A.B. asks: 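Please read through the structure below; I'll follow up with questions.
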Amino acid sequence: MTVLDRLAATIEARKAADPASSHTAGLLAKGPARCAEKFGEEAVEAIIAAAQGDRAALVAECADVLYHMAVMLAAQGLGLADVLAELERREGVSGVVEKASRKGG
Ligand SMILES: N=c1c2ncn([C@@H]3O[C@H](COP(=O)(O)OP(=O)(O)OP(=O)(O)O)[C@@H](O)[C@H]3O)c2ncn1[C@@H]1O[C@H](COP(=O)(O)O)[C@@H](O)[C@H]1O
């Protein structure tokens with residue numbers, strides 16, 4: 001089991017937890033729109049770290065992004081497994097080829 005699998009399982013379990021004792025439960029209680037906003041805020045913080053060339057901060061912010069992405073997905077009845085399945089589906093398909101196929105050649 002990878003750390004992403006364990007994170008996804010913890011977030012799923014936190015759906016039934018007390019918001020007073022779980023940050024995840026507190027976030028989920030605020031609803032899907034707030035979960036999406038939080039993801040956006042964390043993504044901006046990652047962008048700032050990258051733009052500043054702060055590699056340690058970038059690693060930390062990207063961890064925040066992954067966690068908040070998982071919470072955003074959970075709030076929509078989805079999970080990281082759905083995103084990983086989509087990435088698997090794309091494996092071996094060149095981005096250049098995929099873009100050309102969308103533009104009709
Ligand atoms: N990976 C994380 C994780 N990353 C970041 N965070 C929290 O996300 C919060 C982000 O802080 P912010 O100040 O941006 O947000 P905020 O405190 O909600 O403030 P507002 O913006 O809402 O005003 C911090 O409290 C971090 O601790 C996380 N909280 C939990 N996890 C994972 O989720 C598991 C379950 O956590 P709980 O649900 O709290 O039990 C943990 O064991 C971890 O594995």
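Just so you know, these numbers come straight off a predicted model, no measurement behind them. Atoms within each ligand, like the ligands themselves, are counted from 1 in listed order.
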A.B. asks: Show the numbers, then the answer: is there a side chain to side chain donor-acceptor pair (under 3.5 Å) between Ser21 and Asp18?
C.D. replies: CA-CA 6 Å; Ser21 62; Asp18 179 359; 4.6 Å; no
A.B. asks: Anything with a heavy atom under 4.0 Å from ligand 1 counts, so go ahead and list those protein residues by chain and number.
C.D. replies: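 Under the 4.0 Å cut-off, ligand 1 touches Leu7, Thr10, Arg14, Ser22, His23, Thr24, Lys30, Arg34, Lys38, Glu42, Asp64, Tyr67, His68.
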A.B. asks: Under 3.5 Å, is there a donor-acceptor pair between the side chain of Thr10 and the main chain of Arg6?
C.D. replies: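 Confirmed, Thr10 side chain pairs with Arg6 backbone.
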A.B. asks: Please answer whether the main-chain N or O of Leu27 pairs with a side-chain N or O of Arg34 as donor and acceptor at a distance below 3.5 Å.
C.D. replies: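 Not at all, since once roles are kept as given, no pair shorter than 3.5 Å links the two residues.
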A.B. asks: Considering all heavy atoms of both residues, which atom of Val65 and which atom of Ala46 are nearest to each other, and what is their separation?
C.D. replies: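 Answer, listing the atom of Val65 first, then Ala46: CG2-CB, 4.0 Å.
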A.B. asks: Show me the side-chain donor-acceptor pairs of residues 89-97 shorter than 3.5 Å, one per line, residues at least two apart or across chains.
C.D. replies:
from  : atom 1 : to    : atom 2 : distance (Å)
Arg89 : NE     : Glu86 : OE1    : 3.0
Arg89 : NH2    : Glu86 : OE2    : 2.7
Arg90 : NE     : Glu86 : OE2    : 3.0
Arg90 : NH2    : Glu86 : OE2    : 3.4
Ser94 : OG     : Val96 : N      : 3.1
Ser94 : OG     : Val97 : N      : 3.3

A.B. asks: Say whether, by atom type as modelled, one donor and one acceptor occur between the side chain of Ser101 and the main chain of Glu98 under 3.5 angstrom.
C.D. replies: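 Confirmed, Ser101 side chain pairs with Glu98 backbone.
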